[in-house]
Amino acid sequence: MPQVQLSATQLVKSYTALAPTGSVFLKCDFFSTPMLSTSVSLLERIKIPEDHAAWERFVHLYTPFLDQIAQYLRLDEAEAADLLQDVFLHLMHKLPEFTYQPTGSFRGWLKTVTINKCRERLRQRRGTVDLNNVDPNHLADEDGLNAFWDSHHAREVTVRALRLMQTEFQEKTWQACWQHIVEDRPAAEVAEQLGISVAAVYTYSSRVLKRLRQELRDLID
Amino acid sequence: MSDSRTCPSARELQHAAAGELPDEIAARIDAHLMECAACAQQTLTCGQLDTYVQLLRQPQAVDSDPADERIRELISRLLKAAPQVHPTRLTHNDQAASAETLEEELSGLLQPEKEAGQLGRLGEYRILKVLGAGGMGGVFLAEDSQLRRRVALKVMRPRAAAAPGAAERFLREARAAAALRHPRIITIYQVGQAAEVPFLAMEFLEGETLEERLIRQSPLPLPDALEIGRQIAEGLSAAHAKGLIHRDIKPANIWLEKTQSANRTDSLAIKILDFGLARSTEVESQLTHSGMILGTPSYMAPEQAGGEDVDGRADLFSLGCVLYRMTTGKLPFPGTKPMEILKALATVTPASPKALNPVIPNTLSDLIDQLLAKDRQHRLASAEEVAQRLAGIAAEPPRSAPESTAADAGDGPRGPHRKRWMLASMASAAVMLLAVVWIVIKDKDGHEVARHQLPEGGQAVISKEVDAFAPEAVSGKAPASAAHLATAGAESGIAAAMSLRLDPQLIPQSERFDWQPQELVAVLGTHRMHAWEAVNSLLFHPRGDFVIGFTESTPPQAWSTLDWTPISMSSESLDHSEFRSGSCNLFSPDGAWMVCRSGKYAVERGSDGQIAFRLLGKMPVPKFWKCEGVLSPDGHWMVMAGDPIGVLEVWDVSENVPRLVRKYDYPTQDKQVPFISSSADGRRIAIPVLNATSNIHEIVLWDIDWDGIDGPQLKRFGEPIPGRYVALSPDGQRLSCSQIDGTMSRLLDVSVSPPRVEREFDSGGLRRFSPDGNWLAISEDDVVIYRKTPSGWDEHFRLPTLDGQNRRLWFSPESKSLIIGDFYSGALHVWDMTTNPPAQRHPAPQYREIAFSPNGHWLAASGAGSFATWKLDSNQPKLAVEIPSKAYFAHGPSFSPDSRLVAADISGRKRVWNLESGTPNQVSNEDLSFIRFAPEGASVQSIANGAVVLQPWELTGQGRFKLKDETTVLATGGIGFSHGISQPLQSIRPKRDRYLTIDKTGSLHVRSLKEAGLSLFQFQLPDQQPPATFTLSNDDNLLVAFPGVGDGRAWDLTETPPREYQLKSPKTLQNPTCCLLTGDGNLCLVAHSRGIDIFDWSKEKLVRRIPYPGPILQMISHPDGLHVATANFNGTIYILRIPELAEHTAKPLDSHMNGETSSSVLPD
């Protein structure tokens, strides 16, 4: 675990080192830089086997949401970790076979894979133990899980992606977007706090969103 | 604030938001938006971005803050579950100061060249090329312009010659050597000085040095070793008779002449080189009285190392060292630092050669021992006597099997039903086998029941008594080294008959063990592969026999292409961050240097076979993210393709410091993507790019005119061809490519423009032409091999592969092997293309997780590619079952407490084997959930809220393994993962009332099992670091924990409050993976990235650090308390006997052996 954390820090450091201040769309992007890619979406990149960084990014992106799924199912930490591992390993295996498909199918596929893995895990659990804190009726509620997915997926992943992008932007740029859009605060208020113009709040926000949209293409919209 | 410009139209704004506008317009609009709030707001709410605005403005259901500890931990565990390793980067060692080469140094002195193809002149000699360079001087191939005779010209470096008296000494010694005329000593034609440079001209020999031979083959066949030794002794005898002492006898100074039949002993002819350090015993000069030691430490007599006067017996000592190395493959006084070696010379008595290689006759072993006597009085008196003794030994009849064999065979149980078997062809154990040995075990009906390839360096001894199965030895390709003695045994009752004795001294050269060899009891696994992270690019050395594999983030690895054993690389001067795949790593055509984007490096093979890189000159490192390139056929120029944004650069790499000549931009802002391909002559390259306008991958062909005036000229050829994966045929006339999704997979004739489609394929990803142009390999679902025929390309064979299309393909330079790099497991699979169908060589299991059975009789391991179980009977673990796992990983071997069963997860299927018969017998159904055997005899699962649940199992009447439908909750409180990471579950102590957990803050809790997980103690490591590994002593009274980086802590729980001890290493301990306490709890072992540290915790003292070649993934203790096994980064398992443990082997307080006592079944 510490190894990985260490390396993540190194990664971030190296990206930051590469990014001259103020430049948002870096011109030195290449095929293995998760944060510097301007036109290729994350989904396209994770299909490229050599792009380790994209895969890491994908895990960073989806872990919180999948963890919420696990929490919805009231899995404990260990089970949650197992579930996530199941899902990610399955994706890793199958992604290469999952050649380019019409928009939206990845989302559907991801959902199917996740729900299948949940089902497997719950089946195992029911076969082995019945603890007081587990409500079997709740677990059986796949419709509920479906609904939970549909209502949370897009937002959770988008917010997460936005957070992960924080280091790619100048602090003010990102904060403008976060405060104005996510926290839904008036542009004027944000502008005053950050010491920038109202127009800049809007512009920065759209810049960040533009990047967000590129990254999440076919994952969200 | 207002803007003079008008506001853009809504449509323009919309396009701007979508990023669909050309750069300059986008920039203008961007500038406008910064001024105009209305437009800016409109951009934000236009259709393109509005979706996201709406999404993000939804009320937050659950906040997933990335700072959340739980999420962070989850992510790091998930990423760890995938094969990723991030070793500490090696520090860049700037050695620019030493980078000056001989040629450069001499360049000012050589007279200008007169003709093409020569470097210059020195006196009467035309210098043709550099043959070798050393610290003091170098050797050139030169031609005597008078006699038209080729000579080897040894020249002293001007810098060295400038030292007071140095030139005089060089000349005096050369003259003394020139006085020698003997067939075993190189002839010196002339000694002289030209342009202040002292030189000597010697006969030019073809062949190789003994050093080079030993790198290829070690140990040598006995007759060769004897003959070479005898001839050296003859030569020395002649020199000694003239009062000359060589003083630097070593394999690099022994030349093996190239003769008509080099393999036959009678044609072996050696010449002793380099009497450069020899000096007359009669004329003692003041020059060497400075106390400076001359010679090579590893072969130096103690009296010479001590600076005493030496006589011919110093050479005899060196000869002893050479004989030692030729016969055992090892140096008698190994070491990496001169001082270390010098100390060993004085104090260490090396193991007798016969102990390392049983093939060596006693007479020879004793002779070598005698030559290595520290006191020269005890050595043989003269070189002549040595020559005679060696001749005598060569004439001895061959020895019969070593006596120990029979004794080994007698160990262990002998069942009454035992039958006898014998392998006639190998009955004589002294047979030197220069081939890979397979032990094939067949049952009575002749069906193959087991097959095992002896590991490299393994020795096998055919026992005289073996059972009914008839083993068959199948010999294959000759390996580089090591005689194999045969051994065989069979399954079930006669396991003890198999005595596979692995001699640690004979383990492949790259794995040099710094710790005492006797500690190493066994090495399991093939030792063949070291690819942990996937190898992205393979670089074959053009002249050598090795290949370097580059990954994206781990240091590169080298392997021998002969047998795929790892070769170690010394690359201190390399900038490792610039020595990865995509760093434009290229070997010069002659292999003498390498260029990568950080600079130019000399490539050298060390005396021990190690590959060394020496910085010649740095390149101004471009801010390229990745780049690839191609060299001109003469190695003068390099074309590098890379970021930023489609730039081709032409570099002059003929000088030590590469120089940028010019740049070519792609016409658009297209970006290069990985895996360019070039023709064999480098005159055409195909570069896949991502077209910035269309966002489609296409391939751009460039033709390079290397011979252009003013350096290479590049010209685009034709229009871009749609495609992402590309292979250019060696002649540059054919191109095969496909899009990223496998469509448009084609073969094109690119000798014409526009290209002509010759063939379409159904699909395909990465692809490669073989260098001979006869094969085209395309990665589809399988790897499909197409063969060139007069009519086109025929599908020749499909190689079944593991992981879909995720693989790299390379052909060896001679096109005889296809290497498939498996992206997921990181393993390289070598296919022999000379057979039909192609045969796979060396599948490479990489073991990661290991377990000893509680009774100590079994070892099981799982990892990428394999699950295996070994029986630990007799002297060497014997493979009992090996199940290749074609999928991602096999996981978690776990033994039942009675050692009857072993469970593992192979390719997602959980299986249980019964070991009672001696042959693992699978007894599980397919639909089991995860099995980890608990000490109580039930399986363990981690379950809701960290509770550990026990579920009893039974064996049914048919002997099937079955779980019962009842469960007990054993403990609660966040134990951790149920698979992948075994550590947390290990911390549940058998039958004890305490266990360990770790909470989100990184605090360790000692909890009570009896009191429903009540936290009894809580500890925190310094700096709030979460523990990377931790354990409780057997009596539950001591807790030790180590953070990811830094010092560990031990807490004595018998005191109130618990007393803290600091476990401090002199060198910072990094990435500890496992810790163990000895049976009596007094010593603590921790495995980390550099080896194993042994602490005496109560004294806060490091007892010893056992260094390792690489990081350790897992360490377990054998129940006998004397041995540990480690699963290593290189995919192998070492079983070590650690002497320090002998006094600390108190048996565990509770034994779960079901009456069986754990006994030491491993040898001392």
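Order of the sequence lines fixes the chain letters, A, B, ..., with proteins taken first and strands second; residue numbering starts at 1 for each chain.
- Using a 4.5 Å cut-off between heavy atoms, Tyr62(A) does not touch chain B at all.
- Within a 6.0 Å sphere centred on CD of Glu183(A), heavy atoms belonging to other residues, nucleotides or ligands number more than 12.
- His180(A) is listed as a side-chain neighbour of Leu44(B), based on a closest heavy-atom distance under 4.5 Å.
- A donor-acceptor pair under 3.5 Å links the side-chain atoms of Arg155(A) to the main chain of Leu56(B), judged by distance alone.
- For the options Ile196(A), Ile181(A), Leu162(A), Thr63(A), heavy-atom pairs under 4.5 Å to chain B are most numerous at Ile181(A).
- A heavy-atom distance below 4.5 Å is not found between the side chains of Val87(A) and Ile69(A).
- Of the listed residues (Val198(A), Val59(A), Leu212(A), Asp67(A)), the greatest number of heavy-atom pairs within a distance under 4.5 Å of chain B belongs to Asp67(A).
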